[in-house]
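These notes are about the structure you will find just below.
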Amino acid sequence: MNRNITIERMNELVDIINEADYNYHTLDNPTITDQEYDKYLRELFDIEAAHPEWIREDSPTQHAGGKVIDGFQKVSHKIPMMSLSDVFNESEILTFDERIQKEHVHPQYVCELKIDGLSVSLLYEKGKLVRAATRGDGTIGEDITHNVKTIKSIPLKLTEEVDIEVRGEIYMAKKTLEELNERRKKFHEPLLQNCRNAAAGSIRQFDSKVAAQRKLDAFIYHLPNPLDYGIHTHDEALSYMKRLGFKTNPNNRLVSNIKEVLSFIVEKAEIRDSLAYDIDGVVIKVNNIDEQQKLGFTAKYPKWATAYKFPAEEVLTKLNDIIFTVGRTGQITPNAVLDPVIVMGSTISRATLHNEEYVKMKDLRIGDIVSIRKAGDVIPEVVEAKKERRTGEEVTFEMITVCPMCDTPLIKKEEQVDYYCPNDSCPARSVEKLIHFASRGAMNIDGLGEGIIEDFYNFGFIRSIPDIYLLKNHKVDLIELEGYGEKSIQKLLDSVEKSKENSLERLLFGLGISNVGSKTAKILAIHFQTLDSLREASLEELQRIPDIGKIIAKSIIDFFDDTQSQDIISKLKEFGVNMIYLGQKIEQDIDFLNQSFVLTGTLTKFSRDKAKGEIESRGGKTVDSVSKKTSVVIVGENPGSKYQKAKDLGITIWTEDDFLEKLK
């Protein structure tokens with residue numbers, strides 16, 4: 001969410017979007033990309049939602065479309081031509097469905113291709129076309145009847161003598177645009193940018209002969225007042241309009257639930273390039289008209305419909321700053337701080353710039369409008385600066401000379417492009433502790449891998465172990481980071497919460513006590529049962545435990561005497577992290593107690609980790625190699641050389657069935 005919630009920022013956004021609307025809808029000359037427009041509009045919605053008392057009458061959230069140019073007669077729409085809200089990923093589609101379900105509506109949906117063209121209203125009296133109009137500002141449009149009559153797919157006379165208004169999209173086919181540009185190239189005329197602009201420019205020609213030569217087409221998709229014709233579903237309305245002689249899109253589909261909507265989107269995204277016309281998404285509509293009326297409208301959008309926008313492969317945004325992060329090895333990396341923008345369905349606000357040479361090669365400057373794409377559909381990449389959009393206020397990049405974490409002068413290794421911080425005590429080294437704590441063998445926090453921890457550390461979300469359990473307080477900020485979305489962040493937060501339930505041995509290992517590995521942590525957890533009991537143990541008491549020598553015992557004492565460690569444990573307790581051993585208590589079983597076991601071959605009754613757990617819970621320990629000190633070798637299917645060595649040394653051998661019998 002954008003944090004710049006001020007009335008000044010709201011006014012700036014209103015002016016930016018209104019100007020963009022005028023250029024797009026009125027002059028057919030877009031000056032910003034669709035992605036920039038969507039980003040600004042979303043930010044404006046956020047500000048107005050927080051401060052509705054600031055909303056201006058001319059805010060673009062209060063109307064649809066653009067203004068009417070003077071060259072065409074003005075037309076009033078009896079029923080406003082509203083635009084649709086946009087969604088950009090699966091999570092937002094599911095949220096749209098959830099909002100509808102909360103109104104006790106369990107709808108069928110009609111899925112339609114979102115044609116990239118120009119909206120049109122067609123009015124018929126007694127079956128004859130009497131007027132065609134653009135959307136305009138949603139209430140007042142432009143009369144374009146003379147040009148629409150040249151479009152062969154729009155009937156001048158219907159199959160029934162009915163008074164009716166229908167709405168649809170005028171578009172230009174891809175092949176038509178190619179042919180048109182070939183002719184324009186021969187006469188050294190400027191080429192038309194895309195099908196949408198070509199269609200809009202053609203329909204606004206004063207000379208209908210020009211429009212006729214452009215071979216425009218149209219799909220009809222909306223009947224504004226279906227109940228007046230006894231029609232109670234959108235699907236029926238489409239069939240009715242088709243019977244009247246209108247061209248409707250054959251790809252429309254009635255589906256039963258939101259899962260089928262998602263399947264439709266995937267299917268159409270795959271065939272998108274093979275279609276004869278451009279589409280930029282999928283429109284999702286509640287099918288039942290009575291349910292539509294129950295759901296109603298906002299000031300600008302119907303609540304019963306939305307438009308899913310296909311992910312843009314490359315979008316534009318502003319480079320607000322370049323910050324520097326420190327890796328585990330001390331490597332310094334410049335990172336782009338961007339105006340949040342949606343790329344391939346996820347919001348991007350950060351992107352790596354790799355090194356000094358990368359930034360200088362691309363001549364990136366703070367304040368630039370830059371293009372962003374996802375390399376391999378995953379990693380955000382700054383492609384280039386749009387130099388033609390520079391204002392002169394951009395700031396030239398300069399590489400830092402000292403570490404941003406500890407102020408140590410940086411060094412550049414010979415024949416390398418990267419700079420490094422040589423300080424072994426740099427705070428960035430704390431990242432290693434965090435990575436270990438979250439690792440699979442320790443607290444096993446799914447989704448909190450090395451790269452993510454580095455990001456969260458460098459952006460200030462995690463600086464110490466307890467901060468991991470405060471990530472939920474930063475959910476909105478985390479979602480805005482590049483490569484993350486609401487779904488992945490929620491999954492991560494759920495994993496963090498789940499880690500609180502881990503048994504004591506995982507916590508002990510995760511805390512990174514010197515010389516205490518996972519096996520030693522398990523021995524300690526089984527012996528003391530609680531962290532408090534372990535903390536109160538003396539050096540002598542620790543040394544009496546099998547496999548706990550003087551060095552390990554001293555490390556444990558030193559760890560619990562350290563004030564920083566005490567603070568970490570206190571906070572983890574406060575956050576509800578379990579500090580009790582949850583495994584089976586030691587049974588006084590002479591077959592296992594203080595015995596050493598080696599597992600070899602494939603066990604079929606349970607996993608190897610489960611077998612180790614059973615042994616350790618009964619006071620035994622597992623080791624990797626066979627020696628004279630080994631008590632028992634447990635043999636599964638296809639045992640290796642350990643089995644033969646055990647036989648040679650005369651060590652007791654159990655089959656898997658023997659092992660199971662001992663467990664009983």
Side chains of Tyr358 and Thr352: is there a donor and an acceptor less than 3.5 Å apart?
no
We want to know whether Thr333 and Thr325 form a side-chain donor-acceptor pair, criterion being a heavy-atom distance below 3.5 angstrom.
no
Do [X] and [Y] make a side-chain contact, defined as non-hydrogen atoms from C-beta onward lying under 4.5 Å apart?
{"X": "Pro409", "Y": "Thr401", "result": "no"}
{"X": "Asp494", "Y": "Lys491", "result": "no"}
{"X": "Glu103", "Y": "Lys303", "result": "no"}
{"X": "Ile100", "Y": "Pro107", "result": "yes"}
{"X": "Leu478", "Y": "Lys475", "result": "no"}
{"X": "Val261", "Y": "Val282", "result": "no"}
{"X": "Asp278", "Y": "Tyr171", "result": "no"}
{"X": "Val382", "Y": "Leu319", "result": "no"}

Not counting sequence neighbours, which residues clear salt bridge (Lys or Arg N to Asp or Glu O under 4.0 Å) with [X]? List them please.
{"X": "Glu505", "result": "none"}
{"X": "Lys487", "result": "Glu90"}
{"X": "Lys386", "result": "Glu384"}
{"X": "Asp15", "result": "Arg56"}

In sequence, state the C-alpha distance, the side-chain angles, and the governing distance for Leu507 and Asn578, and then conclude on side chain to side chain contact (heavy atoms under 4.5 Å, CB included).
CA-CA 8 Å; Leu507 175 61; Asn578 174 64; over 6 Å; no
Quick one: closest heavy-atom pair of [X] and [Y], and the distance?
{"X": "Tyr109", "Y": "Ile284", "answer": "CD2-CG2, 3.7 Å"}
{"X": "Ala442", "Y": "Asn502", "answer": "O-ND2, 4.4 Å"}
{"X": "Asp363", "Y": "Asp368", "answer": "O-OD2, 3.8 Å"}
{"X": "Ser59", "Y": "Glu48", "answer": "OG-OE2, 2.7 Å"}
{"X": "Met82", "Y": "Thr298", "answer": "CE-O, 3.6 Å"}
{"X": "Arg253", "Y": "Glu267", "answer": "NH2-OE2, 2.8 Å"}

Gap between atom [atom2] of [Y] and atom [atom1] of [X] - 0.5 Å precision:
{"X": "Arg506", "Y": "Ile445", "atom1": "CZ", "atom2": "CD1", "result": "10.5 Å"}
{"X": "Asn257", "Y": "Lys259", "atom1": "CG", "atom2": "NZ", "result": "7.5 Å"}
{"X": "Leu44", "Y": "Leu13", "atom1": "CG", "atom2": "CG", "result": "5.5 Å"}
{"X": "His436", "Y": "Ile453", "atom1": "NE2", "atom2": "CD1", "result": "11.0 Å"}
{"X": "Met443", "Y": "Glu501", "atom1": "CE", "atom2": "CD", "result": "10.0 Å"}
{"X": "Asp477", "Y": "Phe456", "atom1": "CG", "atom2": "CZ", "result": "10.5 Å"}

Would you check, one step at a time, whether the test salt bridge (Lys or Arg N to Asp or Glu O under 4.0 Å) holds for Asp116 with Arg196?
CA-CA 6 Å; Asp116 197 7; Arg196 191 270 164 196; 5.1 Å; no
Applying side chain to side chain donor-acceptor pair (under 3.5 Å), name anything that partners [X], two or more places apart in sequence or on another chain.
{"X": "Tyr301", "result": "none"}
{"X": "Ser119", "result": "Arg135, Glu169"}
{"X": "Glu53", "result": "His51"}
{"X": "Ser91", "result": "none"}

Decide salt bridge (Lys or Arg N to Asp or Glu O under 4.0 Å) for Asp567 and Lys571; before the verdict, give the C-alpha distance in whole Å, the side-chain angles of both, and the deciding distance to 0.1 Å.
CA-CA 6 Å; Asp567 182 58; Lys571 288 180 178 177; 3.5 Å; yes
Working note: Lys114 + Ile279, criterion side chain to side chain contact (heavy atoms under 4.5 Å, CB included); need CA distance, chi angles, decisive distance, verdict.
CA-CA 5 Å; Lys114 187 175 182 297; Ile279 62 172; 5.5 Å; no
Return the orientation label for the His474 and Phe461 ring planes: parallel under 30°, perpendicular over 60°, tilted otherwise.
tilted
Which residues pass the side-chain contact (heavy atoms from CB on, under 4.5 Å) test with [X], not counting sequence neighbours?
{"X": "Val417", "result": "Asn355, Glu357"}
{"X": "Ile366", "result": "Asp321, Ile322, Val395"}
{"X": "Ile400", "result": "Phe324, Ile332, Pro404, Leu410"}
{"X": "Ser570", "result": "none"}

Assess the residue pair Val496 and Tyr469 against the criterion (side chain to side chain contact (heavy atoms under 4.5 Å, CB included)); give the C-alpha distance rounded to whole Å, side-chain angles, the decisive distance to 0.1 Å, and a yes or no.
CA-CA 7 Å; Val496 169; Tyr469 295 95; 3.6 Å; yes
Report yes or no: does [X] contribute a side-chain atom to a donor-acceptor pair with the main-chain N or O of [Y] at less than 3.5 Å?
{"X": "Lys174", "Y": "Leu275", "answer": "yes"}
{"X": "Gln101", "Y": "Asp97", "answer": "no"}
{"X": "Ser85", "Y": "Thr306", "answer": "no"}

Assess whether atom NZ of Lys362 is packed by more than 12 heavy atoms of other residues, nucleotides or ligands within 6.0 Å.
yes
Ring-face cation contact, Tyr457 with Arg463, 6.0 Å cut, 45° max:
yes
Check the pair Arg9 / Glu12 against salt bridge (Lys or Arg N to Asp or Glu O under 4.0 Å), numbers first and verdict last.
CA-CA 5 Å; Arg9 178 58 175 167; Glu12 180 184 13; 3.0 Å; yes
Apply salt bridge (Lys or Arg N to Asp or Glu O under 4.0 Å) to the pair Lys500 and Glu497, showing each step before the final yes or no.
CA-CA 6 Å; Lys500 293 179 180 180; Glu497 288 300 306; 3.2 Å; yes
Can you name the one residue among Val359, Ile323, Asn335 that meets side-chain contact (heavy atoms from CB on, under 4.5 Å) with Leu353?
Val359
From CA spacing to verdict: side chain to side chain contact (heavy atoms under 4.5 Å, CB included), Ile369, Glu36
CA-CA 10 Å; Ile369 299 299; Glu36 289 177 289; 4.2 Å; yes
